[in-house]
Each structure stands twice: as C-alpha cells, then as structure tokens.
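Here is the structure we will look at, set down as structure tokens.
Per chain, numbering begins at 1; letters A, B, ... match sequence-line order. Remember, it's a predicted structure, so these values are computed and weren't measured experimentally.
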Protein chains: 2
Amino acid sequence: MAADPLSRVFSALADPTRRDMVARLAVGDATVNELAEPYDVTVQAVSKHLRVLEDAGLVSRTREAQRRPVHLEAKVFDLMTKWIERYQRQAEERYRRLDDLLRSMPDEREPSPRAEPPETPTPETPAPETPAPETGALR
Amino acid sequence: MAADPLSRVFSALADPTRRDMVARLAVGDATVNELAEPYDVTVQAVSKHLRVLEDAGLVSRTREAQRRPVHLEAKVFDLMTKWIERYQRQAEERYRRLDDLLRSMPDEREPSPRAEPPETPTPETPAPETPAPETGALR
DNA sequence: GCCGTTGTCAACCAAACGGTTGAACAAGGG
DNA sequence: CCCTTGTTCAACCGTTTGGTTGACAACGGC
C-alpha cells in the first residue's frame, strides 16, 4: 500500500470506476449497494474500491443501523491541486524566462526551441523535489 | 494499458519517482541519464517511467544526436484540474444546499449531519458519470 | 573505421491490483 | 429468536507494474 498520501490519492483516482463513484458521491452520500448498482461487478469489489478511496482520505464511512453511508471528503482534492499547480506554474515561469533570454540575445546560435534554462545548464540539481511538500518522494 | 487519458495521467502521477521526475523537468529539460542520476535504479527503469509519462502525454522526447532530451508537457495538467474542480465545486454546492435546507426547516427531526440532498433521496442516478467529460474525456 | 556514450528492447521476476466466490459479522424486523 | 439485509473478510486467480539483467541500435569523437 503506497506510503505517501499524494500517491494514494492519485492512485485512487487512476481507476475509472473509482472516479465514477466519486462523481456519484459528489451528488450525495450513498450506501455501498447503491454505489454498486450501476456496475456489473459484485458488491465486494465495490467495497474494495471504497476502501481504496477511504485510505486515500477521499471518502469516509459512518455507521447508520446496518447501513454504511459513504461520504465524499472533498477537501483532500486540495492536496492534488496544490501539487499540480506548483509545477504548472513553475513550467510556465521557466518558459517565460527562456523566452526572455532568447529575445534578449537574438544573434547567439539558438540551441533549439526547448532547452535548459541557461543558468542551470545541466548541473546536479540533486533535490529537484519540493523540499517539504512531497511525501517521501526522493525516497 | 489504461484506455482513457485521465486514468493514464492520474496513474502516471501515482508514483513518487515519476512525480519527482516531473518536478525535475519543471526546472528544465533533461536527458534520461540526468534524470536517472539521483536515483539508485537502473537507467532502463527510468526509461520505463518516462514511457509511462509519455503515454500519459505529460512528457515528450525529441531526438538530438544520441541524446533524447525530455520535455515537460504542462498543459496536460488541465485535464486533471478540470476533473477535480468539477467535483470539488459540486460537493461544495451540495453542502451549501443541504445547509440551507436545514436552516430553513429547523424543527424537522434532522437525519444526521451528513445525509442525501433531500430532493434526491436515493433514486437511481443510473449514469452518475458526467455524460461526456469522463473516460472518453476531452478526447 | 572503431570505440565509447546514450538510450531502448526483450525476457524474466516478485509484488500489487481488480476481480471472483464463499463465509462471517452486525443490526433490525417479523 | 431467527431471518433477512447490508457489508466486510479471506482465499484465490489472472494481469499489470516496477524492477532487474543482457543484448543491441544510433551516433560522435578520435
């Protein structure tokens, strides 16, 4: 079972059935049987999927008589969006910088449209991962 | 190999090593060997990871002599953020509606903090998946 | 022209995944 | 009190995944 939370969330949403269940749960809480109804898999399989979603923190279950209503825990999404936005922004920023550079020295034999940011030709950059945020990433 | 693009992207980012490589590539393009250097796995393993990222559309490789510079294709992130935001919004909206309802009829024996949206008690909702966007999603 | 560098392909392996069936557990309702 | 309903646990099975080693293709430098 993937140790770090971010991996768990991404991994949980990597399955179309599970994404589908999240979509259903965004409409409202549901029981396991209700969730299983649209699919031609057994209830046990759905239960397993829910466990994955629960481990990822995307879903919570409360007991209510013999039923176990499943509830979408939407705030976990933030984990992903934060991660994604960081690198999206960073990539855009880099592109902008490169663009500026190419514009500022237009005679230099340009190294091809997509290249390293010149001030960091290809050095170590041993810890590219964001210092804290990423889980155990960097292993 | 996961058929739908969204699954491929989520799945590609479900691995910490691959997320790490994306983080590295946000800084600037890199060759396979450069990417492999921080890890104690073989170059072949890194090559495999890159293939996964490439299949997900997160990365592109161009030939440059015997080197194969890897480039981050940041716009694929939009696929995920769009999906996530939809359900995040939907869940918030639902919560707001439920909240309003509870406030508007304060005497009714409340069914417990988290429950179905009353106007949709637990009907079929046979196709919870977003009609178009999902799996065939944007594709 | 060969050699070293860079990267991929192929075959293999252990572990994880998504699914199944069958049994068990939990809580009401007759 | 048993029986039905709802859900999970356990064992098993085929496929996928992340990793390995070994061979080989492509190219540039000397």
Side-chain angles (χ1 to χ4, degrees), chain A residues 1-4 7-22 25 29-56 58-71 111-112 116 122 135-139, chain B residues 1-4 7-22 25 29-56 58-71 111-112 116 122 135:
Chain A
M1 199 165 293
D4 63 296
S7 293
R8 279 200 292 264
V9 180
F10 276 120
S11 176
L13 294 180
D15 184 291
T17 304
R18 275 185 311 249
R19 280 200 308 281
D20 208 43
M21 292 196 282
V22 168
L25 289 169
D29 296 3
T31 68
V32 177
N33 273 306
E34 283 161 11
L35 285 169
E37 191 264 333
Y39 312 101
D40 58 352
V41 297
T42 61
V43 181
Q44 288 94 319
V46 171
S47 187
K48 275 193 184 181
H49 279 306
L50 285 174
R51 199 156 137 57
V52 173
L53 290 171
E54 191 176 26
D55 287 346
L58 279 161
V59 132
S60 65
R61 280 124 127 194
T62 56
R63 188 159 268 290
E64 180 187 291
Q66 65 273 63
R67 239 156 279 114
R68 305 286 315 269
V70 181
H71 175 76
S112 106
E116 314 277 331
T122 305
T135 337
L138 295 197
R139 188 173 33 89
Chain B
M1 198 165 290
D4 64 296
S7 292
R8 280 200 290 263
V9 180
F10 276 119
S11 177
L13 294 179
D15 184 290
T17 303
R18 275 185 311 249
R19 280 201 307 281
D20 207 43
M21 292 195 282
V22 167
L25 288 169
D29 295 3
T31 68
V32 177
N33 272 305
E34 284 161 12
L35 284 168
E37 191 264 333
Y39 313 100
D40 57 351
V41 298
T42 61
V43 182
Q44 289 94 317
V46 171
S47 188
K48 277 194 183 182
H49 279 306
L50 285 174
R51 199 156 137 58
V52 174
L53 289 171
E54 191 176 25
D55 287 347
L58 280 161
V59 132
S60 64
R61 282 124 127 195
T62 57
R63 187 158 268 290
E64 180 186 290
Q66 65 273 62
R67 241 155 278 111
R68 306 286 314 271
V70 181
H71 175 75
S112 106
E116 313 278 330
T122 305
T135 353

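A:His71 is not listed as a side-chain neighbour of A:Thr62, based on a closest heavy-atom distance of 4.5 Å or more.
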Please assess B:Arg61 against B:Leu53 for the test side chain to side chain contact (heavy atoms under 4.5 Å, CB included), listing each intermediate value before the final yes or no.
CA-CA 11 Å; B:Arg61 282 124 127 195; B:Leu53 289 171; over 6 Å; no

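The distance between atom CZ of A:Arg51 and atom P of C:dA16, rounded to the nearest whole Å, is 14 Å. Spacing between atom CG of B:Asp55 and atom P of D:dG18 amounts to 12 Å, rounded to whole angstrom units. Per the geometry, CG belonging to B:Asp15 stands 18 Å off P belonging to C:dA15, to the nearest Å. Whole-Å rounding puts the B:Met21 CE to C:dG7 P distance at 13 Å. Rounded to an integer number of Å, the gap from B:Asp40 CG to D:dG18 C1' is 13 Å. One can place NZ of B:Lys48 at 8 Å from C1' of D:dT17, the figure rounded to the nearest angstrom.
Side-chain atoms of B:Val43 lie closest to C:dT8 of the nucleotides C:dT8, C:dG18, C:dA27. Taking only side-chain atoms of B:Arg68, from C-beta outward, the nucleotide of D:dG19, C:dT21, C:dG7 with the closest atom is C:dG7. Nearest nucleotide to the side chain of A:Arg63, out of D:dT7, C:dA27, C:dG7: C:dA27. In this structure, of D:dG6, C:dT6, D:dT8, it is C:dT6 that holds the atom nearest to the side chain of B:Arg67.
Considering only side-chain N and O atoms, A:Asn33 lies nowhere under 4.0 angstrom from the phosphate OP1 or OP2 of D:dT5. Residue A:His49 has a polar side-chain atom (N or O) positioned under 4.0 Å from OP1 or OP2 of C:dG19. When the side-chain nitrogen and oxygen atoms of A:Ser47 are compared with OP1 and OP2 of D:dT7, none of them lie within a distance under 4.0 Å. Put simply, A:Arg61 has a side-chain N or O that comes within less than 4.0 Å of OP1 or OP2 on D:dT8.
Nearest-nucleotide positions on DNA chain D place A:Leu50 closer to the 5' end than the other of A:Leu50 and B:Ala45. Between A:Ser11 and A:Val41, the one whose closest nucleotide on DNA chain C sits nearer the 5' end is A:Ser11.
Donor-acceptor pairing under 3.5 Å, judged by distance alone, is present between the side chain of A:Gln44 and the base of C:dG22. With hydrogens and angles ignored, no donor-acceptor pair under 3.5 angstrom links the side chain of A:Gln66 to the base of C:dG29.
Put simply, the side chain of A:Arg67 never gets that close to the backbone of A:Thr31: no donor and acceptor are under 3.5 Å apart.
Side chains of A:Thr17 and A:Asp20: no donor on one and acceptor on the other come within 3.5 Å.
A salt bridge does not link A:Asp29 to A:Arg68: none of the charged nitrogens lies less than 4.0 Å from a carboxylate oxygen.
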